[in-house]
Structures are given as structure tokens and as C-alpha cells.
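Below you'll find the structure, written out as C-alpha cells, and then a few comments.
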Protein chains: 2
Amino acid sequence: MGTEDRKEREKEQMRQLIIKTAMQLFLEKGMDNVSIRAIAEKIEYSPGSIYSYFKDKGEIIHAIHTEGFEKLYAQQKTLDGVENPVDKLAQMGRLYMKFALENRDYYDLMFIAKGVAEKITEKQEWEVGNRSYDYLRETVKACIEQGYINDPNVDAVTFGIWGFVHGMAALIIRGRCAMMPEEFIEQTVEGSLHFMYTHLITNSK
Amino acid sequence: MGTEDRKEREKEQMRQLIIKTAMQLFLEKGMDNVSIRAIAEKIEYSPGSIYSYFKDKGEIIHAIHTEGFEKLYAQQKTLDGVENPVDKLAQMGRLYMKFALENRDYYDLMFIAKGVAEKITEKQEWEVGNRSYDYLRETVKACIEQGYINDPNVDAVTFGIWGFVHGMAALIIRGRCAMMPEEFIEQTVEGSLHFMYTHLITNSK
DNA sequence: TCAATTATTAAACAATGTTCAATATATAAA
DNA sequence: TTTATATATTGAACATTGTTTAATAATTGA
């Protein structure tokens with residue numbers, strides 16, 4: 001009597017279809033146009049149906065949110081081969097910034113948007129995010145241990161560096177950079193990254 | 001025939017009442033509960049009336065937004081007397097952070113919220129914000145000129161330092177710090193600030 | 001007092017997330 | 001195959017947004 005298995009399989013398929021469609025809308029029209037009704041229309045179901053597969057909109061958003069973290073982590077893993085932790089750190093900063101600016105909707109959802117992360121204080125919902133954070137933290141730790149960064153507080157340095165890159169990205173994405181012309185932003189960011197990495201690192205080894 | 005003057009005075013009074021009420025709701029119940037209907041109810045007018053005094057909700061939000069910048073700038077001016085630009089920079093960072101964490105709703109509106117700054121690309125709408133930015137920029141400039149910071153790119157350094165502090169504030173306010181327990185955040189931030197200011201500054205003078 | 005301007009309102013519109021009773025469908029039992 | 005039960009799906013409804021607009025009330029100038 002494998003009909004129960006099939007049922008579950010179909011249910012999972014439907015869940016995937018909804019997520020996939022939500023993701024499409026998300027990329028096509030931006031976060032604000034991922035309405036339950038829009039998703040329903042695209043898969044030719046009624047809006048109410050979606051609630052048989054997801055508790056609320058938040059659950060769908062969370063799936064997109066997770067997808068974003070997967071993408072980011074995949075890019076981070078690109079740096080696995082970089083031996084020197086300082087180089088790794090510098091490249092990671094630029095990679096992170098690139099990801100943020102080239103996937104603004106994803107980045108917004110992952111690190112800026114309201115009502116996405118606030119409630120996720122439960123359990124291992126942060127796994128995907130923590131993985132990326134730990135990747136940064138390990139690199140910082142290596143920098144400290146090898147004498148490139150002259151501060152024993154791994155967590156403070158990690159959070160500071162993350163904040164630094166995130167801060168610039170967030171200001172740009174949320175349009176708070178009116179003090180400089182659009183076309184200067186890129187080079188200013190590069191200047192900031194250069195400034196940070198040349199000054200934070202003590203070549204005392 | 002001074003009735004026209006009085007009319008205008010009354011109109012301005014009404015505008016102020018609306019703004020004041022919006023501000024109250026904003027501080028009491030947070031940004032998300034500043035609905036046109038809530039404001040209208042509190043001043044005992046109909047929702048439609050508000051549109052005789054403001055083009056749309058954005059205009060009201062913008063007033064609160066501006067108030068926030070006034071508050072921040074007032075705090076910055078506290079540092080006018082600090083002679084050493086490095087001290088000034090360090091104190092400004094802590095002051096900024098304190099402002100962000102003690103006035104989260106204001107800070108959110110000023111630097112994070114969507115749909116507040118995006119459209120304000122017009123003219124001098126950024127005056128209040130630029131004033132604060134210039135205050136930081138001048139301090140950074142002094143640090144560079146006096147040889148405390150070893151990088152000639154004033155704009156890059158300024159933007160980087162701003163991004164650094166903003167980044168941490170934004171991550172905290174928008175609940176993206178699940179990787180550390182709530183009670184560690186404060187000391188981690190202080191550690192980051194300390195790290196930055198001791199490493200960015202070259203005491204080469 | 002009367003006409004014209006202005007202020008205010010109530011109702012309506014469109015869009016949002018969400019719920020729920022009714023209906024259709026698919027499954028299991030007779 | 002027919003019948004009864006469980007499941008899936010729907011469409012309408014609810015409450016909440018911001019906003020518009022025609023109708024009404026109030027105020028003003030002659």
C-alpha cells in the first residue's frame with residue numbers, strides 16, 4: 001500500500017513547485033511582488049491552496065532566504081585553496097561585496113529585510129548562515145594565530161569585519177549613498193576595502 | 001485682510017499636529033503602526049483629511065526621518081570641543097553606535113528602512129543627512145592631514161568607517177546576530193570598535 | 001443674506017495575508 | 001461497482017493597508 005508514500009511525494013513536489021514559482025517571481029519582479037496571489041495565479045491554483053502546503057508566507061520566504069545562503073556559501077568555498085589567511089580574508093571581502101551587489105534582492109532578504117530573521121530564533125534554522133559566518137571566523141582566527149592581526153578577540157574582529165563589508169553593502173542597497181555620485185560608489189568601495197585590509201593587517205610575522 | 005495668513009498658519013499648525021501625532025505613534029508602537037488611519041483616529045479626523053495636508057504617507061514619514069537626523073546631529077555637535085581628531089573619531093563611533101541602539105526605530109528609518117530614502121534623490125532633501133556625514137568626513141580628513149591615518153583617500157576611508165559602524169548597528173537592529181548570545185553583543189561591539197580604532201590609526205606623527 | 005471657496009467626511013477601491021465552509025476529488029471498504 | 005470516508009481545492013469572505021473621490025459641511029467675501 002504505497003499510496004501514502006506517493007501522497008507524500010506529491011505533497012513535496014507541490015511544495016517545491018510553490019517555492020520555485022516564488023523564487024521566479026522574486027527574481028523577476030523583486031521581493032515586494034511575491035504575493036501569495038501572484039504565486040497562486042502562476043501555478044494555476046487558488047490562493048487558499050498554498051496554505052495547505054505552507055503555514056504562512058514567511059515559510060515560503062524562508063525557503064528563498066535559505067537558497068540565498070546556499071549560493072553565498074558556494075562562492076565562499078571557492079576560496080578553499082587559498083593558503084595565506086590574509087589573502088583569503090581580502091578575497092572573501094571582495095567576494096562578499098560582489099555577491100551583495102550582484103544579488104541585491106537575495107542579499108536584502110538574507111541580511112537586511114524585516115520580518116525574515118527576527119522570528120528565527122528557534123533552533124538550527126541558522127545553520128546555513130552560521131556556516132558562512134564560521135568560514136569567515138576561521139579565516140580571521142588563522143590571521144590572528146599567524147600574527148597577521150594583532151588582536152586576540154576573534155569574535156570582535158570577525159564581527160567588525162563582517163559589519164564593515166555588510167555596512168557598505170547595506171547602505172548602497174538601501175539607497176543611503178546620496179552623498180556621492182552613483183558612478184563613484186564602486187571605486188570608493190574598493191578604496192575602503194583596500195584601506196581596511198592594508199591597515200588592519202600587521203605584517204609582523 | 002490677514003485671513004489668508006491665518007489660514008496658512010492654521011494649515012501649518014495642522015501639519016505639525018499630524019507630524020507630532022505620527023511621531024508619538026512611531027515612538028509608542030513602532031514604525032509599523034504608524035498607519036494613516038491610526039493617526040487620523042488619534043487627532044479625531046477622518047483618514048481622508050490627512051491627504052489635504054500631505055501628499056502621501058511618505059511625506060509624513062519623511063518628517064520623522066528628518067527629526068531623527070536632527071537628533072543625531074545634535075549629539076555629534078557634542079564633540080565640537082574635542083581637539084585630537086583621533087579621539088574625536090573614536091568618540092564619534094561610540095556615540096553613533098549608542099544613538100543607533102538607543103533609538104532603534106529612528107535609526108532604522110534613517111538608514112535601513114525601505115521606501116524612505118530611495119525616492120529622495122531630488123535636491124536638498126539630503127541636507128540633514130549630509131551635515132552629519134560631512135562632520136565625520138572632516139574628522140577623517142583631519143586624521144589624514146595630521147598623519148594619524150595613512151591613506152589619502154578621504155572619501156574611501158570615511159565611507160568605510162561609516163559602513164563599519166553602520167554595519168554592526170544594522171545587523172543588530174535587524175536581528176542578524178544569532179551566532180552570538182544576546183548578552184555578548186555589547187562587549188563584542190566594543191571589542192570591534194577598539195580593534196578598529198587601534199589598528200586603523202597610524203601613530204606615525 | 002447669499003454665493004463661492006475651502007475643509008472634512010464617509011464610502012469606495014485596490015491590494016495585501018489569511019481563514020473557512022462548501023465542493024470536488026481520490027481513496028478504502030462493502 | 002457502489003458507497004463511505006478522507007483529502008484537496010476552491011471561492012468567497014475578513015481584516016488590514018494606502019489612497020481617491022463625490023458629497024457634505026463650514027467658512028469666507030461681497
Side-chain angles (χ1 to χ4, degrees), chain A residues 1-19 21-23 25-26 28-65 109 113-116 118-120, chain B residues 1-19 21-23 25-26 28-65 109 113-116 118-120:
Chain A
M1 223 180 290
T3 107
E4 216 167 90
D5 296 7
R6 199 210 57 215
K7 274 283 186 70
E8 202 152 321
R9 214 175 331 121
E10 282 176 353
K11 191 137 194 165
E12 184 52 34
Q13 238 172 290
M14 185 66 167
R15 281 181 62 95
Q16 288 306 320
L17 176 61
I18 292 171
I19 291 174
T21 309
M23 205 108 69
L25 282 169
F26 174 76
E28 275 173 32
K29 323 239 187 185
M31 181 72 248
D32 300 335
N33 289 75
V34 186
S35 69
I36 260 57
R37 281 180 175 81
I39 300 171
E41 193 178 356
K42 206 156 193 178
I43 63 176
E44 297 181 288
Y45 273 72
S46 83
S49 277
I50 292 182
Y51 288 86
S52 305
Y53 300 90
F54 293 91
K55 189 180 128 278
D56 56 21
K57 194 188 174 185
E59 271 194 15
I60 304 172
I61 298 298
H62 186 259
I64 302 177
H65 169 268
L109 198 57
K114 212 181 224 167
V116 178
E118 285 89 339
K119 38 193 162 194
I120 312 174
Chain B
M1 222 181 290
T3 108
E4 216 168 88
D5 296 7
R6 199 209 57 212
K7 274 281 185 72
E8 201 151 322
R9 215 175 331 121
E10 282 176 352
K11 193 137 193 165
E12 184 52 33
Q13 239 171 289
M14 185 66 166
R15 282 180 61 94
Q16 287 307 320
L17 177 62
I18 292 171
I19 291 174
T21 308
M23 206 106 72
L25 283 168
F26 175 76
E28 276 174 32
K29 324 240 187 186
M31 181 72 247
D32 299 335
N33 289 75
V34 187
S35 68
I36 259 61
R37 280 179 175 81
I39 300 170
E41 194 178 356
K42 206 156 193 179
I43 61 176
E44 297 181 285
Y45 273 72
S46 83
S49 277
I50 293 181
Y51 289 86
S52 305
Y53 300 92
F54 293 91
K55 188 181 130 279
D56 57 20
K57 195 187 175 186
E59 270 195 15
I60 304 173
I61 297 299
H62 187 259
I64 302 176
H65 170 267
L109 198 58
K114 212 181 225 168
V116 177
E118 285 89 339
K119 36 193 159 191
I120 313 174

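Residue numbering restarts at 1 for every chain, and letters A, B, ... go by the order of the sequence lines.
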Nearest to the side chain of [X] - [options]?
X: Lys11(A); options: dA8(D), dT9(D), dT19(D); result: dA8(D)
X: Ser46(B); options: dA10(C), dT16(C), dG18(D); result: dA10(C)
X: Arg37(A); options: dA8(D), dG17(C), dT19(D); result: dG17(C)
X: Tyr45(B); options: dA8(D), dT9(C), dG18(D); result: dT9(C)
X: Ser49(A); options: dT10(D), dT9(C), dT19(D); result: dT10(D)
X: Asp56(B); options: dT9(C), dT18(C), dT19(D); result: dT19(D)

Is the shortest side-chain heavy-atom distance between Lys114(A) and Asp32(B) below 4.5 Å? yes
Measure from [atom1] on [X] to [atom2] on [N] and round the result to the nearest Å.
X: Lys55(B); N: dT20(D); atom1: NZ; atom2: P; answer: 9 Å
X: Asn33(A); N: dG17(C); atom1: CG; atom2: C1'; answer: 15 Å
X: Lys57(A); N: dT16(D); atom1: NZ; atom2: P; answer: 19 Å
X: Ile39(A); N: dT16(C); atom1: CD1; atom2: C1'; answer: 13 Å
X: Glu10(A); N: dA26(C); atom1: CD; atom2: C1'; answer: 10 Å
X: Asp32(A); N: dA15(C); atom1: CG; atom2: C1'; answer: 13 Å
X: Ile36(A); N: dT17(D); atom1: CD1; atom2: P; answer: 18 Å
X: Ile60(A); N: dG17(C); atom1: CD1; atom2: P; answer: 9 Å

Neighbour count >12 (heavy atoms, 6.0 Å) for atom CD, Glu28(B): yes
Under-4.0 Å side-chain N/O to phosphate OP1/OP2 contact, Tyr51(B) with dT21(D): no
What residues form a ring pair (Phe, Tyr, Trp, His ring centres under 6.0 Å) with Phe54(B), not counting sequence neighbours? none
Evaluate side-chain contact (heavy atoms from CB on, under 4.5 Å) for Phe26(A) paired with Leu109(A), printing each intermediate quantity in order. CA-CA 10 Å; Phe26(A) 174 76; Leu109(A) 198 57; 3.9 Å; yes
Check every strand shown and say whether Ser35(B) touches a base, only sugar-phosphate, or nothing at a heavy-atom separation below 4.0 Å. sugar-phosphate
Base, sugar-phosphate, or nothing: which does Phe54(B) touch, judged by heavy atoms less than 4.0 Å apart? nothing
In Å and rounded to the nearest 0.5 Å, what is the OG to CD distance from Ser46(B) to Glu41(B)? 12.0 Å
